[in-house]
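Quick notes on the structure that follows.
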Amino acid sequence: MKPFRYLAATGGASDFAVLTDPTTHVLAGGTGLVDLMKLGVQTPETVLDLAALAPIGRPPRDEGGDFARIADGEDGDLFVGALVRNSTLAYDERVRTRYPVLAEALLSGASAQLRNLATLGGNLMQRTRCPYFRATDLPCNKRVVASGCGAIAGVHRGHAILGTSPSCIATHPSDMCVALAILEPTLVIATANEPRTIPFDELHLLPGDTPHRETTLAPGELILGMVLPAPLPRAKQRYLKVRDRASYEFALASAAVQLVIHDKTVIDARIGLGGVAAIPWRASAAEELLEGKPATRASFQAAAELALAHAHPLRDNAFKVDLAISTIVRALELAAEAP
Amino acid sequence: MKFPRMDMPVSGEHIGAPVVRVDARKKVTGQADYAAERHIPDLAHGVVLGAMIGAGTIKRIDIKAALALPGVLDVITHENRGTVHRAKGSMLMGMVDDSRGVLAGDRVTYCGQPVAFVVAETFEQAMHAATEVFVEYEEDPPILTAETATKQIEPKRFMGEKLQYERGKTDQAMATAAVTIDETYETPSEHPTPMEPHGVIAMWTKDELHIRNATQWVMGDRGVLARVFRMWPGKVHIHAPYLGGMFGSKATTGGHVILAALAAKRLARPVKCVLSRQAVLQTVGHRPRTVQRFAIGAAADGKLLAMRHTTTTHTSQQDDYIEPTNLTSRHLYTVENYASSLEVKRLNVVMPGWMRAPGEAPCQYAHECAIDELAVALGMDPIELRRINDGDKDLGRDLPYSSKHLMQCFERGAQRFGWERRSSKPGTRRDGHVLVGYGTATATYPGNAFGAKVRARLERVNGRPRAILDCMSSDVGTGLYTVITAIAAETLNLPLADIEVKLGSTDHSYGPVAGGSGLTAAIGPAVYSACTKLAAKRAKQELRDGDVIKASAFTAPVMGADRHHTYQSFGAVFAEVTVDPELGMVRVRRMTGVYDAGRIMNPRTARSQLLGGLTFGIGMALLEELIPDPAHGRFINTDLAEYKVPVHADMPDLDVSFVEEPDLAFNSLGCRGVGEIGLTGAPAAIANAVYNATGKRIRDLPITVAKVLVGRTDTT
């Protein structure tokens, strides 16, 4: 690990002064950053540790600033601070009842120990698990600009088939973000001045020919939290994750779905995809196709096929096309069957 | 009478009882003294820098920047290493993963080959400094697959057994068969990657070398280091009191051990080196990929007429590791006409290494899937097919088995598992979204005992007699401390607490490698014999405070057979799996294993080993695969998130029991080892269950979502 300067955040203006330096990296739960620093993939000059703003072990609703709280907002909104731990979020009663897809997605990721440390903000900013990104002796355009993509000609059986580019075929690894893609939260971004807000789908960037640019956050900005809008009445949600190992593995394919069904007809449909795309993926065209259609397997199948119509598989990840279709269909069926 | 020929209590208080691990408290409270966990004053830390290419030459290596960093004490390369004494690997004198020596020259033959050893005051300083060593290579295209290899060896023998072998007239007999199958099976490169990484602390006192190493073979390390440093072996002391697993990977003396000793000598201070998980997976020998073809011919009644078994596997460019896959297929069933061959391709990879049931595990996967396919072709129950071809003679050696109870295992296992509920028509049992299948396979592993000498002494302190026993071999986590304690307590009629067992040091009495499932059978009878002598001496003389009575005993090595018998353990494994045909996910619902491994010395620790073996089998069947990048052969999944072994959620109900028939021809206790047999058979039982569930035969491991779905997808 390269030596670095360690700073504990104070919550004051000095934090933002440090953050504007692009060689400063933010440490929250540390489950991603510390790993990548050990591997030499991330080499910050300064690490700004946010832990002081939300100490582990204290009840998050009572201590700390907005960073560490889950709080009811207006009109059924729910605010979640960026330092809320994944486990806290997954087991929060409001999340379990109003956004079950989010709880399911969170609990399908990582392990209990990791979820106890990992935070909302860290998970939003999670880096890819592409092995070429994580190995400094292999080429990766995301890690080193214009160094080439090792995965395209190399091992890519786990890689993305949607939203990829000739520069990068890495998947976005987060389960949580797939659920958020259909829950459409607003992100609250702290800046040196006034906080700004952006819709969730404006955070992540497609790789294009700049895969090293992953989000729209500017230097000096920090995610403060998110506001989850009140859930649609009678919405049925489901997160389904497919993988070889029963736990502790990133998705080969996953689907977060939400259905509102009236008189056996789909009134509202939302479909998010994980494990197959460069960013948390929203299958909007498939949703539109499904709306107004009978809630049957045939409709689900047609929508799922449309969702993958523009997939770009390579030699070893072609199975993901059918797998993603099956995953969407099954998730929609499970959601439709739910009471 | 269960043990009619035993001259010791039939129902032992300790022997054969589920004695709790004597080191359990130490382990769960962090008191167990693992090799590299000790903190020593003035300790320096070393990090191995591995080559980033698969083949080529080091043109230039610049260590100036690294040496200038704070805390850096030394950077050793092939240019400044000094004289290199080679130690060629040997099954008697210790094994090495590179017979050229470590940092021996500018030629690189595999990705991860050590090119520098960086030593600093702290581990973090050494890690960072290693990134500041600049190496310029002239790269050659590496050879990374058996299919593209140009060099190969066809080894003649392994531990005395012929590897190119034929008896009878295989082709002629095959031609007369009513039913034949001819299929090819693949197992990928797999890694033992134990929980405790490979780690060492080396220090010198005058001209003696003291090593604390996570090793399963203290004598092997001594042999290698004595040759590398040109020393009298008695001046090399190796200590390995506890190990956190090894699965074969800690029998070979790794380059990092030699480098730590070298650095400690150069710096005249102790040096620790613990490999990162990435380095363990990249540079510690893996089980090589195997491609095995089985052709089997049978009469219409199921009697086997001919079998042909060929294997292609790999080794490194300079060393001849052999994965001996064809030693079991020649004798497991009664087939008069049999031929097998083994070819080993030279690749640009680290020398492969031992991994739990080397040879047997891949062989039993392919062999038992082939038998299942034959049963399908014959329209016969697979257990019935095995019964028809079961025999009490090893046709490979022309010797009777000392004790074989394979069909009892199947009978008991079928009953416990509920085999009669299996649907003989594949792909017909459904439970909601998933298909359900049952599968079975034979497990087998040789009865080995590598030979050991045990020293025992009895003394009395404050009116209380106590016994102390010692042996060099390491308890790798399987329960050797406990088994020895139990035998000694029983034989000397002392409480367990009054037995002290010392293991894992070259300062002790001779003990063999902790491998080949052969420790209990090697050391147990020696303990029994030495303690019997002590008991006899004690009967003749009064033991007073300060008195010491000594005795020792040894056992001779037996490797699977002697002039009279073949010694072999057997088992029957059953698996129930579910396969989601749309999502491709395979999950094991439950497994039953019934084992014939002689007398079971401790049903608690033996069961633990077999549970671990079955779990290992789930990993081999469904998850494990070391994946090389095609450019340099760098493995791309070198952490425990990506090199997948089963997690708790993958572990179903596992039902383990024993057909407990003591093998008294093998040794005085009638016991055979159980370290490896639990893995053999399990992958085939799972693969056969996947076939039963789906009607689809996937002949290369692991059976992944992607492979289950192929056929539904256009792959190019």
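Naming convention: chains lettered A, B, ... in sequence-line order (proteins, then strands); numbering from 1 in each chain. Side chains included, hydrogens not; waters and symmetry mates left out as well; all remaining heavy atoms used.
At a threshold of 4.5 Å between non-hydrogen side-chain atoms, the residues A:F300 and A:L290 count as touching. Proximity of B:V119 to B:H45: side-chain heavy atoms (C-beta onward) are nowhere separated by under 4.5 Å. Here the side chains of A:T136 and A:V41 are in contact, with some heavy-atom distance below 4.5 Å. Put simply, the side chain of A:V276 does not reach to within 4.5 Å of the side chain of A:W281, judged on heavy atoms. Side-chain contact check for B:V274 versus B:K272: some heavy-atom pair is nearer than 4.5 Å. Side chains of A:I271 and A:L332 form a contact here, defined as non-hydrogen atoms less than 4.5 Å apart. Annotation: side chain of A:L7 is not in contact with side chain of A:D49 (no heavy-atom distance under 4.5 Å). Side-chain atoms of A:D137 and B:R634, non-hydrogen and from C-beta on, do get closer than 4.5 Å to each other.
For residues 145-179 of chain A, the ring pair (Phe, Tyr, Trp, His ring centres under 6.0 Å) pairs, not counting sequence neighbours, are A:H172-A:H204.
Comparing B:V705, B:D580, B:V586 by how many heavy-atom pairs each has under 4.5 Å with chain A, the most go to B:V705. Among A:M1, A:R330, A:E333, the residue making the largest number of heavy-atom pairs under 4.5 Å with chain B is A:R330. Put simply, of A:R157, A:K38, A:R134, A:K2, the one with the most heavy-atom pairs under 4.5 Å next to chain B is A:R157. Ranked by heavy-atom pairs shorter than 4.5 Å toward chain A, the options B:R587, B:M52, B:M585 are led by B:R587. No other option in B:H433, B:M651, B:M127 has as many heavy-atom pairs under 4.5 Å with chain A as B:H433. Here B:V645 is the residue among B:T638, B:I53, B:V645, B:I703 with the most heavy-atom pairs under 4.5 Å with chain A.
For chain A, the nearby parts of B:A641 are the backbone and the side chain; heavy atoms of each come within less than 4.5 Å. For B:L69, no part sits under 4.5 Å from any heavy atom of chain A, backbone or side chain. In this structure, chain A has no heavy atom under 4.5 Å from any part of B:Q125. Proximity to chain B (any heavy atom under 4.5 Å) is shown, for A:L114, by neither the backbone nor the side chain. Neither the backbone nor the side chain of A:I325 comes within contact range of chain B, judged by heavy atoms closer than 4.5 Å. When heavy atoms are compared at a cutoff of 4.5 Å, B:N637 does not approach chain A at all. Heavy-atom distances place the backbone of A:A153, and not its side chain, under 4.5 Å from chain B. Using a 4.5 Å cut-off between heavy atoms, B:T704 touches chain A through backbone and side chain atoms alike.
Under the rule for a salt bridge (charged side-chain N to carboxylate O under 4.0 Å, His left out), the partners of B:E136 that lie at least two apart in sequence or sit in another chain are B:R60.
A salt bridge links B:D639 with A:R129: the closest approach of a Lys/Arg side-chain nitrogen to an acidic carboxylate oxygen falls below 4.0 angstrom. The pair A:R243-A:D175 does not count as a salt bridge, with every side-chain nitrogen at least 4.0 angstrom from each carboxylate oxygen. Between A:E337 and A:R297, no side-chain nitrogen of the basic residue sits less than 4.0 Å from a carboxylate oxygen of the acidic one, so the salt-bridge criterion is not met. Of the charged side-chain nitrogens involved, none lies within less than 4.0 Å of a carboxylate oxygen, so that A:R5 and A:E45 do not count as a salt-bridged pair.
Near-neighbour residues of residues 247-255 of chain A relative to chain B, defined by a heavy atom under 4.5 Å from a heavy atom of that chain, comprise A:S247, A:Y248, A:E249, A:F250, A:L252. Contact residues of residues 619-629 of chain B toward chain A are B:L623, B:E625, B:I627, B:P628, B:D629 (heavy-atom distance under 4.5 Å).
The ring of B:H191 has its center no closer than 6.0 angstrom to the ring center of B:F635.
Within a 6.0 Å sphere centred on NE2 of A:H312, other residues, nucleotides and ligands contribute 12 heavy atoms or fewer.
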